[in-house]
Trainee: 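I have a structure here, written as structure tokens, and I will follow up with some questions on it.
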Amino acid sequence: MRMWLLLRSTGFGRLDYAKPFISSLKAIVGDYLDFFCSWKIVFGVMMFVTIPVSAFAQVAMPTGGLPPAVALLEPVPPVENPCPRFAPGSVVHQPPALFSHDGLLVVRFSYQTRTDQANRSLFCFMTPSGLENPTLHVKPGDQLIITVTNNTPAQSGLMRLNPPHCGPGHAQMTGASLNIHYHGTNTSPTCHADEVIKTVINSGQTFQYRLTIPTDEPPGLYWYHPHVHGLSEQAVLGGASGALVIDGIENLKPAVANLRHRILMIRDQPTRQGLPEGAGGDPHGIPFQDLTVNHISTNATTDTTTGHTTYTPAILHMEAGERQFWRVSNSTADSILDLQVQFDGIPQTIDVVAIDGVPVNSQDGAQPGSLIQVRHFRLPPASRVEFIVNAPPVQCEVAQLVTRNINTGIDGDDNPNRPLFNIHVRAHGHHEPAEDDRVGHFEAFNPHLSRFAGLTAAPVTARRRLFFDEIQPTQFFMLVEGQPRQVFDPNAGPAITATQGTVEEWTVENRTLENHEFHLHQVHFLVDAQNNFELNGNEPAPGISGQFLDTIEVPHWDGDPSHPYPRVTLRIDFRGPDIGDFVFHCHILGHENLGMMNIIRVQRKSTTANAPDTNFDMS
């Protein structure tokens with residue numbers, strides 16, 4: 001049975017009388033009505049829209065549909081005492097976790113803010129039951145449905161967005177605007193999915209994301225965070241981020257089956273004292289930002305007389321003789337990490353299982369592919385690494401996870417040596433109860449998660465050169481060779497147009513005097529080469545050559561005109577189904593906020609006037 005809803009449109013913005021219907025209709029067809037109105041389509045005739053009556057009164061739906069609680073957008077009320085934080089030196093526990101069932105995970109978020117005792121702005125996603133930034137567990141092929149209400153205070157407008165629009169904020173971006181990026185996932189860049197250029201949720205507004213996880217999505221660690229241009233740094237610096245885990249890694253990497261795993265979200269925030277940072281590359285300087293582990297601050301504190309900075313590491317428990325699976329996300333806004341496990345100051349070997357959500361050596365060749373052994377791992381902002389760690393021996397006095405000093409260049413920030421947490425060994429049988437405590441049992445090798453298989457041998461259809469550039473201190477550029485300097489403009493057209501089904505080779509150079517971190521939305525890339533690093537005073541990142549990443553560091557140029565620019569060569573995989581507009585940028589979010597971002601459009605193999613290649617494709 002169907003009902004016919006009759007709407008009469010006499011021009012742009014003349015649907016006010018239909019608002020009661022539109023509020024419900026949006027839950028079914030999203031913001032496509034706004035798309036029509038924003039383009040000022042004037043029909044001058046009767047417009048008919050068909051809607052199943054059952055959409056408004058459905059009791060149960062199969063996995064492919066929306067349950068009744070999801071069909072209508074009810075605002076998520078604010079939660080009392082939002083954005084809690086733990087005292088320095090606390091024990092690291094698993095973040096709260098939510099799990100999909102029968103192919104569906106439905107989440108309701110209240111986006112909130114508060115100010116802490118050091119006058120720092122905190123941001124967070126709270127569930128109605130009071131869970132902060134929960135880990136979201138889904139499986140390949142699942143649907144993730146998130147209803148989010150922006151409960152932060154209203155702020156003045158920042159800019160107007162040209163149509164088409166996505167989200168209840170329409171054309172108006174304000175200082176309180178929100179959207180959510182599902183970082184690293186190979187999901188659609190369309191409205192209500194992973195679209196970040198034109199999606200705006202302003203104060204008091206509610207929006208629903210309906211994300212379909214690809215059936216061949218590699219199992220591993222991903223994450224979610226706000227991504228409104230110009231506002232992303234303050235939101236992520238304030239703590240608004242959470243882990244997104246695609247479950248099933250034990251069926252690609254049996255080495256982790258049954259291990260206790262630890263979700264470790266490394267975030268940053270302004271230091272409590274607010275002192276000026278040290279020089280870039282100073283191993284003992286005042287850090288640009290303080291670091292936190294699962295919202296436990298390392299409490300960087302500087303003696304203003306001596307200049308000496310001390311830290312209060314968190315505590316992570318292991319059992320004697322235990323092997324744990326650590327799943328670490330650099331969910332900082334601006335801080336580069338170089339992770340190392342040390343026992344009494346001696347670097348330990350770790351077994352890398354996955355990088356940026358993709359199990360290592362898992363996409364081609366005999367399986368299961370080998371793990372990668374390293375003694376440290378360079379982790380740019382937004383990147384993730386998952387590795388197996390052995391508990392320290394009983395005779396070890398100080399066991400720590402540390403981040404080593406980063407040589408960021410003369411214009412770079414200070415990311416000095418510092419501990420993240422101490423490892424304390426406990427007797428067998430002592431557990432920290434958590435529903436999300438262990439990786440699952442190995443069932444059978446899953447051959448269907450090789451999304452990037454064959455990329456190494458695929459023919460390259462185009463080669464491009466991109467580069468980072470700056471006009472210090474306020475203009476930052478993510479440029480394509482041969483195009484003029486311009487900071488990011490969400491109303492601009494794409495800098496690159498690629499075609500679905502192809503593979504391209506991109507060389508990304510750093511022509512500046514500080515480090516940058518290249519991130520490409522929607523797809524992964526194969527790391528072919530890291531060139532000219534040593535000549536400029538850096539070493540190539542260990543363990544990533546030949547692997548599939550979504551974020552990679554390109555270190556600074558030393559300024560010597562005789563030295564070539566540091567560069568990476570990447571094989572970009574456009575063979576997946578996703579089309580539309582999305583972005584590539586530096587994931588030091590202070591740089592992205594200042595304009596170091598650009599747009600790429602992936603179009604269908606063949607297009608017609610009736611099949612537009614946009615993020616708002618009506619098909």
Side-chain angles (χ1 to χ4, degrees), residues 92-100 105 125 133-140 142 144 180-187 194 211 213-214 216-225 236 241-253 255-257 259-267 293-295 316 324-332 337 339 350-363 371-372 374 377-389 401 420 434 436-440 446 449 451-452 517 519 521 523-524 543-544 547-552 587:
V92 177
H93 294 282
Q94 291 284 73
L98 302 172
F99 297 82
S100 67
L105 175 57
F125 295 100
N133 302 329
T135 300
L136 306 180
H137 284 267
V138 293
K139 299 179 178 67
D142 281 356
L144 172 60
I180 303 177
H181 172 44
Y182 303 90
H183 187 110
T185 63
N186 297 272
T187 51
D194 193 25
L211 209 69
I213 307 300
D216 58 357
E217 186 78 281
L221 180 62
Y222 304 79
W223 66 298
Y224 60 91
H225 64 87
V236 174
S241 61
L244 172 60
V245 176
I246 310 297
D247 284 330
I249 194 170
E250 65 276 9
N251 292 324
L252 276 186
K253 294 295 181 185
V256 304
L259 293 182
R260 295 181 71 195
H261 74 154
R262 289 290 164 260
I263 305 294
L264 301 171
M265 300 292 290
I266 312 299
R267 302 177 176 91
V293 182
N294 292 0
H295 291 308
L316 184 134
Q324 284 188 2
F325 181 37
W326 291 1
R327 317 181 79 169
V328 184
S329 176
N330 184 345
S331 295
T332 68
L337 306 176
L339 299 177
I350 59 175
D351 294 320
V352 175
V353 176
I355 305 170
D356 285 357
V358 183
V360 297
N361 301 318
S362 68
Q363 301 297 289
L371 307 183
I372 298 174
V374 298
F377 194 89
R378 189 71 160 246
L379 201 65
S383 190
R384 290 86 59 216
V385 63
E386 304 172 65
F387 53 92
I388 298 172
V389 177
L401 177 68
L420 295 171
D436 184 21
D437 189 54
R438 289 186 182 272
V439 180
N446 189 337
L449 301 175
R451 182 181 182 90
F452 311 114
E517 327 300 323
H519 172 52
H521 285 216
V523 303
H524 277 64
I544 67 172
Q547 303 305 316
F548 297 88
L549 279 61
D550 59 58
T551 306
I552 188 170
H587 217 290

Trainee: Answer yes or no: is there a donor N or O on one side and an acceptor on the other, between the side chain of Gln363 and the main chain of Phe548, under 3.5 Å?
Mentor: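 Absent.
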Trainee: How close do Pro380 and Ile552 get, counting heavy atoms only, and between which atoms?
Mentor: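 What the structure gives for the nearest pair is CG-C, 4.4 Å.
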Trainee: Would you please test Tyr222 and Ile246 for side-chain contact (heavy atoms from CB on, under 4.5 Å) and show each step?
Mentor: CA-CA 8 Å; Tyr222 304 79; Ile246 310 297; 3.2 Å; yes
Trainee: In chain order, what residues pass the salt bridge (charged side-chain N to carboxylate O under 4.0 Å, His left out) check against Asp356, with sequence neighbours excluded?
Mentor: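 Only Arg384 meet the salt bridge (charged side-chain N to carboxylate O under 4.0 Å, His left out) criterion with Asp356.
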Trainee: In Å and rounded to the nearest 0.5 Å, what is the CD1 to CG distance from Ile249 to Leu221?
Mentor: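 Answer for the CD1-CG pair, Ile249 versus Leu221, is 9.0 Å.
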Trainee: Measuring only between side-chain heavy atoms, which start at C-beta, is Trp223 closer than 4.5 Å to His183?
Mentor: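 Of all side-chain heavy-atom pairs linking His183 with Trp223, at least one is under 4.5 Å.
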Trainee: Please name the pair of heavy atoms, one in Gly357 and one in Pro359, separated by the smallest distance, quoted to 0.1 Å.
Mentor: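 Minimum heavy-atom separation between Gly357 and Pro359: O-CD, 3.6 Å.
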Trainee: Would you mind telling me which of Arg438, Gln324, Glu250, Arg327 makes a side-chain hydrogen bond (donor to acceptor under 3.5 Å, both in side chains) with His261?
Mentor: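 Single pass found, and it is Arg327.
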Trainee: Look at the aromatic rings of His181 and His225 and report parallel, tilted or perpendicular, splitting at 30° and 60°.
Mentor: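 Taking His225 first and then His181, their aromatic rings stand perpendicular (interplane angle over 60°).
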Trainee: Can you find a heavy atom in the side chain of Val353 that is under 4.5 Å from one in the side chain of Ile388?
Mentor: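 Side-chain contact under 4.5 Å: yes.
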Trainee: Looking at every non-hydrogen atom in both residues, tell me the closest pair between Val439 and Ala257 and how far apart they are.
Mentor: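 In this case the closest contact between Val439 and Ala257 is CG1-CA, 4.4 Å.
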Trainee: Are Asp436 and Arg262 ion-paired here, with the side-chain N under 4.0 Å from a carboxylate O?
Mentor: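 No, this pair does not count.
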Trainee: Taking the side chain as every heavy atom from C-beta outward, state whether Ile372 and Gln547 have any atom pair closer than 4.5 Å.
Mentor: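 Ile372 vs Gln547: side chains touch.
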Trainee: Just wondering, do Ile544 and Arg378 contact through their side chains at under 4.5 Å, heavy atoms?
Mentor: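 When only atoms from C-beta onward are counted, Ile544 and Arg378 do not touch, as no gap falls below 4.5 Å.
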Trainee: Rounded to the nearest 0.5 Å, what's the gap from CG on Leu244 to CD1 on Ile180? Could you check?
Mentor: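 It is 11.0 Å, given to the nearest 0.5 Å.
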Trainee: Can you measure from CG (Leu264) to CG (Leu420) and round to the nearest 0.5 angstrom?
Mentor: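 Leu264 atom CG to Leu420 atom CG measures 9.0 Å (nearest 0.5 Å).
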Trainee: Whether the side chain of Asn330 engages the backbone of Leu379 through a donor-acceptor N/O pair (distance < 3.5 Å, no angle test) should be reported.
Mentor: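 Such a contact is found between Asn330 side chain and Leu379 backbone.
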Trainee: Which pair of heavy atoms, one from Pro140 and one from Ile213, lies closest together, and at what distance?
Mentor: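 Minimum heavy-atom contact is CA-CG2, 4.0 Å.
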Trainee: Indicate whether the side chain of Ser100 and that of Asp142 have a donor and an acceptor atom separated by less than 3.5 Å.
Mentor: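 The criterion, which ignores hydrogens and geometry beyond distance, is satisfied for Asp142 and Ser100.
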Trainee: Has the side chain of Lys139 got a donor or acceptor atom that lies under 3.5 Å from a matching backbone atom of Pro219?
Mentor: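 Judged by distance alone, no pair lies under 3.5 Å.
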Trainee: Output the distance between atom NE2 (His587) and atom CD (Glu517), rounded to the nearest 0.5 Å.
Mentor: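 Output value for this atom pair is 10.0 Å.
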Trainee: Does any N or O in the side chain of Asn294 come within less than 3.5 Å of the main-chain N or O of Met265, such that one atom is a donor and the other an acceptor?
Mentor: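 Such a contact is found between Asn294 side chain and Met265 backbone.
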Trainee: Is any side-chain heavy atom of Pro95 closer than 4.5 Å to one of Asn133?
Mentor: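 No, too far: nothing below the 4.5 Å cut-off.
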Trainee: Quick check on the 6.0 Å ring-centre criterion: do Tyr224 and Tyr182 meet it?
Mentor: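 No, too far apart.
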Trainee: Mind checking what makes side-chain hydrogen bond (donor to acceptor under 3.5 Å, both in side chains) contact with Thr187, not counting sequence neighbours?
Mentor: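 Only Thr185 meet the side-chain hydrogen bond (donor to acceptor under 3.5 Å, both in side chains) criterion with Thr187.
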Trainee: Please find the pair of heavy atoms, one from Gly184 and one from His524, that lie closest to each other, and give the distance.
Mentor: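 Closest approach of Gly184 to His524, heavy atoms only: O-CE1, 3.0 Å.
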Trainee: Are Thr135 and Pro96 packed together at the side-chain level, in the sense that at least one heavy-atom pair is separated by less than 4.5 angstrom?
Mentor: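 Not touching, per the 4.5 Å side-chain cut-off.
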Trainee: Using only heavy-atom distances, determine whether the side chains of His521 and Asp550 contain a donor-acceptor pair under 3.5 Å.
Mentor: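 There is no such pair (donor and acceptor under 3.5 Å, judged by atom type) between the side chains of His521 and Asp550.
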Trainee: With side chains defined as the heavy atoms from C-beta onward, is the minimum distance between Arg267 and Ser241 less than 4.5 Å?
Mentor: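 Contact flag for Arg267/Ser241 side chains = yes.
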Trainee: If I take atom CZ from residue Phe387 and atom CD1 from residue Ile350, how far apart are they, to the nearest 0.5 angstrom?
Mentor: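 The CD1 atom of Ile350 is 4.5 Å from CZ of Phe387, to the nearest 0.5 Å.
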Trainee: Indicate yes or no: at least one non-hydrogen side-chain atom of Phe377 is less than 4.5 angstrom from one of Ile355.
Mentor: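 In short, these two side chains touch, coming nearer than 4.5 Å.
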Trainee: Roughly how far apart are Asp437 CG and Leu259 CG, rounded to 0.5 Å?
Mentor: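 Going from the CG atom of Asp437 to the CG atom of Leu259 covers 11.0 Å.
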Trainee: For the pair Glu386 (side chain) and Trp326 (backbone), establish whether a donor and an acceptor sit closer than 3.5 Å, ignoring hydrogens and angles.
Mentor: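 Pair absent, no side-chain N/O of Glu386 close to backbone of Trp326.
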Trainee: Looking only at non-hydrogen atoms, find the nearest pair between Leu371 and Val360 and report the distance.
Mentor: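 That closest heavy-atom pairing would be CA-CG2, 4.1 Å.
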Trainee: Please enumerate all residues that pass side-chain hydrogen bond (donor to acceptor under 3.5 Å, both in side chains) together with Glu217, with sequence neighbours excluded.
Mentor: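 Expected list: Asn186.
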Trainee: Test Val138 against Val245 for side-chain contact (heavy atoms from CB on, under 4.5 Å), laying out the working first.
Mentor: CA-CA 6 Å; Val138 293; Val245 176; over 6 Å; no
Trainee: Please test Ile266 against Val328 for side-chain contact (heavy atoms from CB on, under 4.5 Å), starting from the C-alpha separation and ending with a verdict.
Mentor: CA-CA 7 Å; Ile266 312 299; Val328 184; 3.8 Å; yes
